[in-house]
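Have a look at this one before I ask anything.
Residue numbers count from 1 along this sequence.
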Amino acid sequence: MTPSLHLWLLPLLPLAGFAVNGTLGRRLPKFAVSLVALLFPAAAFAQVLWIVAYVHSGLMLPHVERFATPWIAVSGFHANFSFLLDQLTLIMLLVVTGVGFVIHLYSVGYMATEDGYWRFFSYLNLFLFFMLTLVLAANFLLLFVGWEGVGLASYLLIGFYYQKDSAANAGKKAFIVNRIGDFGFLLVIFLLIAHFGTLSFSTVFESVAAHPELQGGFLTTICLLLVLGATGKSAQIPLYVWLPDAMEGPTPVSALIHAATMVTAGVYMVARTHVLFDRSPLALGVVAIIGAATAFFAATVGIVQTDIKRVLAYSTISQLGYMFLACGVAAYSMAIFHLVTHAFFKALLFLAAGSVIHALGGEQDMRAMGGLRKKLPITFWTMTAAVFAISGFFPFAGFFSKDAILAATFQSAHGGKLLWAVGLITAGLTSFYMFRLWYLTFFGEARTPAQPTHQTAHGSHGVHESPWVMLLPLVILGVLSVAGGWIGWPQALGGHDWIAHFLDPVFGSSALRAASLADMRLERILAGVSALTALIGWFVADLMYRRRPLLADKAERAAQPLYKLLWNKYWVDEIYADLIVWPLLVFSRNELGRGVDQGVIDGAGTAWTAGARGASSWIRRMQSGNIRSYAGWLAMGAAAVLVVVLYLAHLY
């Protein structure tokens with residue numbers, strides 16, 4: 001008999017932390033709030049490690065735990081509150097709880113002087129609860145609960161500084177844009193119930209596998225609606241616009257939600273439903289094109305940004321595009337591999353940026369930085385590891401996952417060479433703008449005031465290194481950014497490609513990987529081209545921002561129209577505002593506000609009031625106080641009753 005792993009405890013632990021700090025945190029000392037906030041995520045991470053040990057000792061996967069009572073049972077439809085543990089879930093659990101705990105630890109130092117300290121950690125724990133629910137769900141309905149929950153937690157955390165209009169507006173923007181994608185997901189749930197009569201992953205996937213005639217058509221509709229949901233949650237074209245503004249939230253929020261976990265939910269969902277996507281070449285093609293286009297688009301915008309967090313925001317959008325590109329060419333294990341390595345180096349980039357911002361008293365403009373290499377040595381070296389990792393330098397983590405995606409794309413039968421070229425150019429742009437950030441922040445002359453007016457967390461003025469509660473997470477993530485990609489060291493370069501083999505029971509043996517193994521030489525050539533592209537990006541950044549710093553200004557003036565286009569982010573926000581937001585506001589204020597609200601709702605209320613007054617004035621006449629009047633009404637009533645009785649007697 002398969003033992004219970006008590007999977008229900010995993011989401012329940014951070015939920016308990018949310019409940020304690022959410023209800024009692026205002027009255028608890030800061031130390032107690034920190035203890036509660038760290039203890040429950042740490043316990044969840046410890047349980048995941050215990051599960052990993054159990055699996056390593058021989059527990060067969062997949063493993064499903066159902067609760068005793070069905071969650072929903074209506075008119076023949078059943079949905080169980082059940083959790084699924086397989087190889088994909090296990091990897092996601094390690095990322096969510098492991099990286100999540102490290103960021104919680106960092107937040108203790110970063111948020112130390114902020115008002116609403118208890119509120120921040122209660123929201124952070126709430127997010128972990130919903131993210132773990134999403135990852136563990138064994139059916140579409142429970143997945144949707146977690147899906148909506150992380151959206152709620154994201155809204156609360158983006159708008160944490162709710163007294164700032166920009167933060168409040170950013171939270172609302174993220175919430176509304178994600179509702180568009182969520183509508184597509186909701187339609188998928190209705191279609192699955194109508195066609196399969198169930199929302200269970202296993203039942204739906206087994207039904208599809210048992211009917212090979214199901215190709216395209218209905219499944220394509222479902223997949224395209226899932227893509228709509230994924231583009232919202234994972235910030236892809238056309239619903240990416242919320243993520244750059246989400247940087248209004250505290251920096252640890254950007255690291256946890258908008259880099260390492262929540263934004264990867266769309267990638268996870270596409271990978272989880274790969275059985276459906278494999279039957280729809282059109283949907284896969286759409287995913288690949290969206291991924292490649294988003295990766296390139298966001299990278300071009302990132303090369304001109306000056307806010308350090310916005311550079312990383314557009315970088316996140318671009319890297320998520322790589323994951324979508326991998327899914328679109330059916331290289332699902334490689335998408336998950338990049339999801340893992342990206343969680344390491346992008347969380348580190350955000351946390352290191354937060355350390356810089358913390359040291360500079362809140363400054364985020366890279367033009368006001370510089371010369372920080374010796375003043376912030378640990379931050380510098382850990383961020384350096386992340387920069388080399390995301391740029392794709394061997395043997396850092398990002399090299400292996402990004403190279404795997406590009407190699408799989410090159411060998412794809414449908415538009416592979418073109419998509420590979422877009423991905424390769426994007427890799428060069430990524431290297432350029434990340435080293436641009438590196439040079440502007442840490443090299444050259446100091447452009448920062450010597451004495452920031454902002455009081456720091458440990459009570460001192462001036463540029464300084466962060467406390468160890470913030471530096472320790474940087475060191476941990478720095479090690480993972482260097483060595484975390486070795487789990488996918490390809491066989492063509494002498495490795496064992498462990499993560500792809502580990503995920504084979506979920507995705508099946510990859511034909512793409514088999515083809516690459518048959519031609520080791522091609523994979524080595526592609527890896528070399530990828531590494532050379534990253535080196536070129538570094539060379540250009542070094543030339544423009546270290547050796548000849550005036551060259552950047554000359555290039556900006558020489559390509560002013562292009563620079564203006566990129567600086568204004570292709571005016572996408574303005575186009576959305578003019579073509580979608582403004583007409584909706586006008587319609588809602590004029591047609592709905594005046595026509596429906598005032599005309600129908602207020603009019604109906606006015607008519608009802610007038611009718612009630614008219615009826616009451618007529619009925620009031622019956623209460624005249626005159627005995628003869630009462631006798632007359634009594635006679636009329638008796639006559640009416642007699643007529644009704646005689647009529648009924650005539651009928652029956």
Side-chain angles (χ1 to χ4, degrees), residues 1-16 38-68 80-102 128-129 131-139 142-143 146 200-202 205-206 260-261 264 268 271-272 274 332-337 339-341 343-344 397 400-401 476-477 479-480 483-491 495-510 513:
M1 182 176 179
T2 303
S4 173
L5 297 179
H6 304 293
L7 296 178
W8 55 273
L9 269 175
L10 282 172
L12 194 62
L13 286 168
L15 181 63
L38 294 177
L39 180 62
F40 289 102
F45 181 48
Q47 187 186 356
V48 172
L49 294 179
W50 175 76
I51 292 172
V52 170
Y54 219 118
V55 171
H56 183 69
S57 67
L59 176 70
M60 296 298 294
L61 297 179
H63 172 87
V64 178
E65 287 191 8
R66 292 187 175 88
F67 296 89
N80 292 320
F81 199 96
S82 55
F83 290 152
L84 167 67
L85 180 70
D86 62 3
Q87 289 80 0
L88 176 58
T89 307
L90 197 58
I91 287 178
M92 293 298 297
L93 287 176
L94 284 169
V95 171
V96 173
T97 58
V99 177
F101 171 71
V102 169
L128 275 187
F129 162 71
M131 190 67 199
L132 289 171
T133 301
L134 185 156
V135 169
L136 285 165
N139 58 64
L142 191 56
L143 173 63
S200 168
F201 290 149
S202 60
F205 298 159
E206 288 170 4
T261 54
T264 61
Y268 166 76
R272 172 61 70 191
H274 70 96
Y332 306 107
S333 60
M334 298 166 194
I336 299 302
F337 181 27
L339 183 155
V340 172
T341 60
F344 299 152
F400 298 101
S401 56
I476 294 172
L477 291 171
V479 172
L480 292 172
W486 297 354
I487 59 174
W489 198 300
Q491 296 184 22
H496 298 285
D497 204 4
W498 176 86
I499 191 169
H501 290 296
F502 181 73
L503 289 170
D504 274 348
V506 179
F507 302 125
S509 297
S510 173
R513 191 169 71 252

Determine yes or no for a side-chain-to-main-chain donor-acceptor pair under 3.5 angstrom, with H274 supplying the side chain and V506 the backbone.
yes

The reported gap from CG in L128 to CG in L10 (rounded to nearest 0.5 angstrom) is 11.0 Å

Rounded to the nearest 0.5 Å, what separates atom CG in L15 from atom CG in L9?
11.5 Å

Contacts of S401 that satisfy side chain to side chain donor-acceptor pair (under 3.5 Å) - sequence neighbours left out
H338, T341

Partners meeting side chain to side chain donor-acceptor pair (under 3.5 Å) with D86 (sequence neighbours left out)
T89, R272

The single option from L339, V52, V340, V96 passing side-chain contact (heavy atoms from CB on, under 4.5 Å) against I91:
V340

Geometric class of the H6/W8 ring pair [parallel <30°, tilted 30-60°, perpendicular >60°]
perpendicular

Here the gap from L5 atom CG to E65 atom CD, rounded to the nearest 0.5 Å, amounts to 5.5 Å

Which atom names give the shortest non-hydrogen contact between H501 and H496, and what distance separates them?
CD2-O, 3.0 Å

Measure the shortest side-chain to side-chain distance between P14 and L132 over non-hydrogen atoms and say whether it is less than 4.5 angstrom.
yes

Please give me the minimum heavy-atom distance between P62 and L84, naming the atom from each residue.
CB-CD1, 3.8 Å

How about S82 and N139: do any of their side-chain heavy atoms sit closer than 4.5 Å?
yes

Which heavy atom of L136 sits nearest a heavy atom of L7, and at what distance?
CD1-O, 4.0 Å

Do Y54 side-chain atoms and L59 backbone N/O form a donor-acceptor pair below 3.5 Å?
no

Tightest non-hydrogen contact, residues F507 and A271, listed as CE2-O, 3.3 Å

With sequence neighbours excluded, residues passing side chain to side chain contact (heavy atoms under 4.5 Å, CB included) with W498
I487, F502

On a heavy-atom basis, which atom in A16 and which in F40 lie closest, and how many Å separate them?
CB-CE2, 3.7 Å

